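First comes the structure, then the notes that go with it.
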Amino acid sequence: MTGLVPACHPEPVVVVTVLVTALAVASGRSAGGCALVAGAILTGQLSVGWCNDRLDAGRDTATGRRDKPLVTGAVGARTVTVAAAGALALCVPLSLASGPAAGAAHLVGVAAAWSYNLGVKRTAVSWLPYAVGFGLLPAFVTLGLPGHPWPPAWSTAAGALLGVGAHITNVLPDIDADLAGGVRGLPQRLGRRRARAVAPVPLFAAAALLAFGPPGPAGLAGWAALAVTGPLALATAVPASAGSASRLPFLATLLTAAAAVGLLLLHGGALA
């Protein structure tokens, strides 16, 4: 059973849950509303992570991924399947508890993530589930507020752009193994060199939207965030000599996303 924790992809599960909950706090959701947001995001992310490892178990075994619990036998396939289904079952009422519109927004995002695991990752539109899932997160937060307001367009667009950038940089180290396993998403079709060149574009565009999209001037925080995210976005274009397994692009993405989310939290009140 201990293998369930690494099988859920705990790092993104924790990061996404904490950041979206913090966004709910900044936007003015009540304590109870923030707890519902945290529960819905946590269960949704858990279901996606377990689904991913369960569906990739055969390919991971074939490629000798000893970092995968299902490959090493630390957890059984049936256990992961039941855990994914159970988390998804809990996610539905927890999402809808914020209201039908908010719940629908989150569940569409979760469905998009499952569609990626179920096969979209092998197509040229592999970026689309990331754009949909990340783009709808602000809507899940704001539609649960009194009056159920839609979030401003700049927050939705920024979330979608961050999702696309995260998708490209996340798969960079595994492009060769993915191609060998028949996974031909957008980054794999672009190839490592072109994917590195493309990845900074959505990341920096997201930061720019979050700096200049909210009402009023960008201010010191906005310009400081751009000064940080610009070099970080360019760092995703790590030179080939750094090796195909370099995690620098993904780490740069995480830092860029953190700076961007910091701006979003700063303007959390403007979401409504």
Side-chain angles (χ1 to χ4, degrees), residues 8-9 12-52 83-118 120 128-164 166-167 206 209-210 213-215 257-258 260-272:
C8 77
H9 300 234
V13 167
V14 172
V15 170
V16 173
T17 300
V18 169
L19 290 180
V20 178
T21 303
L23 183 59
V25 173
S27 70
R29 290 285 295 263
S30 66
C34 291
L36 289 173
V37 167
I41 295 294
L42 175 61
T43 52
Q45 289 296 305
L46 286 172
S47 77
V48 171
W50 282 322
C51 168
N52 180 273
L88 184 61
L90 287 172
C91 178
V92 174
L94 285 171
S95 299
L96 294 174
S98 289
H106 183 236
L107 292 174
V108 168
V110 173
W114 272 69
S115 76
Y116 176 85
N117 292 339
L118 289 167
V120 177
L128 186 57
Y130 276 80
V132 171
F134 279 76
L136 285 173
L137 288 176
F140 177 44
V141 170
T142 63
L143 288 171
L145 289 167
H148 314 294
W150 277 95
W154 54 263
S155 66
T156 301
L161 287 167
L162 281 172
V164 173
H167 167 50
L209 272 174
L210 291 171
V261 171
L263 279 176
L264 190 57
L265 293 176
L266 184 66
H267 297 291
L271 289 180

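Every heavy atom of this structure was used, including side-chain atoms; hydrogens, water molecules and symmetry mates were not. All of these numbers come straight from a predicted model, not from anything done at the bench.
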Sequence neighbours left out, cut at 3.5 Å: what donor-acceptor pairs do the side chains of residues 41-52 make with other protein atoms?
residue : atom : partner : partner atom : Å
Thr43   : OG1  : Gly39   : O            : 2.9
Thr43   : OG1  : Ala40   : O            : 3.1
Ser47   : OG   : Gly44   : O            : 2.7
Ser47   : OG   : Trp114  : NE1          : 3.1
Trp50   : NE1  : Leu4    : O            : 2.8
Asn52   : OD1  : His9    : NE2          : 3.4
Asn52   : ND2  : Asn117  : OD1          : 3.0

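- Shown here for Thr156 and Pro151, the closest heavy-atom pair between the two residues is OG1-CG, 3.7 Å.
- Across all non-hydrogen atoms, the minimal contact from Leu162 to Ala206 is CG-CB, 3.7 Å.
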Any chance you could lay out the side chain to side chain contact (heavy atoms under 4.5 Å, CB included) test for Thr142 and Trp150, step after step, and finish with the verdict?
CA-CA 6 Å; Thr142 63; Trp150 277 95; 5.5 Å; no
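- Residues satisfying the ring-ring contact (aromatic ring centres under 6.0 Å, His included) criterion with Tyr130, sequence neighbours excluded, are Tyr116, His167.
- The ring-ring contact (aromatic ring centres under 6.0 Å, His included) pairs that include a residue from residues 84-113 are His106-Phe140, where partners are two or more places apart or lie in different chains.
- Listed by chain and residue number, nothing satisfies the side-chain hydrogen bond (donor to acceptor under 3.5 Å, both in side chains) test with Ser155 (two or more places apart in sequence, or in another chain).
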Taking it one step at a time, do Leu209 and Leu161 satisfy side chain to side chain contact (heavy atoms under 4.5 Å, CB included)?
CA-CA 10 Å; Leu209 272 174; Leu161 287 167; 3.7 Å; yes
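- Taking the side-chain contact (heavy atoms from CB on, under 4.5 Å) definition, one finds that Val92 meets it with Leu96, Leu107, sequence neighbours left out.
- Smallest separation of non-hydrogen atoms from Ala105 and Leu136: O-CD1, 3.4 Å.
- Closest approach of Ala24 and Val141 over heavy atoms only: CA-CG1, 3.7 Å.
- No donor-acceptor pair under 3.5 Å is formed between the side chain of Thr17 and the backbone N or O of Val14.
- Looking at every heavy atom in both residues, Gly28 comes nearest to Leu145 through C-CD2, 3.8 Å.
- For residues 19-46, no residue pair satisfies the ring-ring contact (aromatic ring centres under 6.0 Å, His included) rule, not counting sequence neighbours.
- Heavy atoms only, all atoms of each residue included: Ser98 and Leu36 are closest at OG-CB, 4.1 Å.
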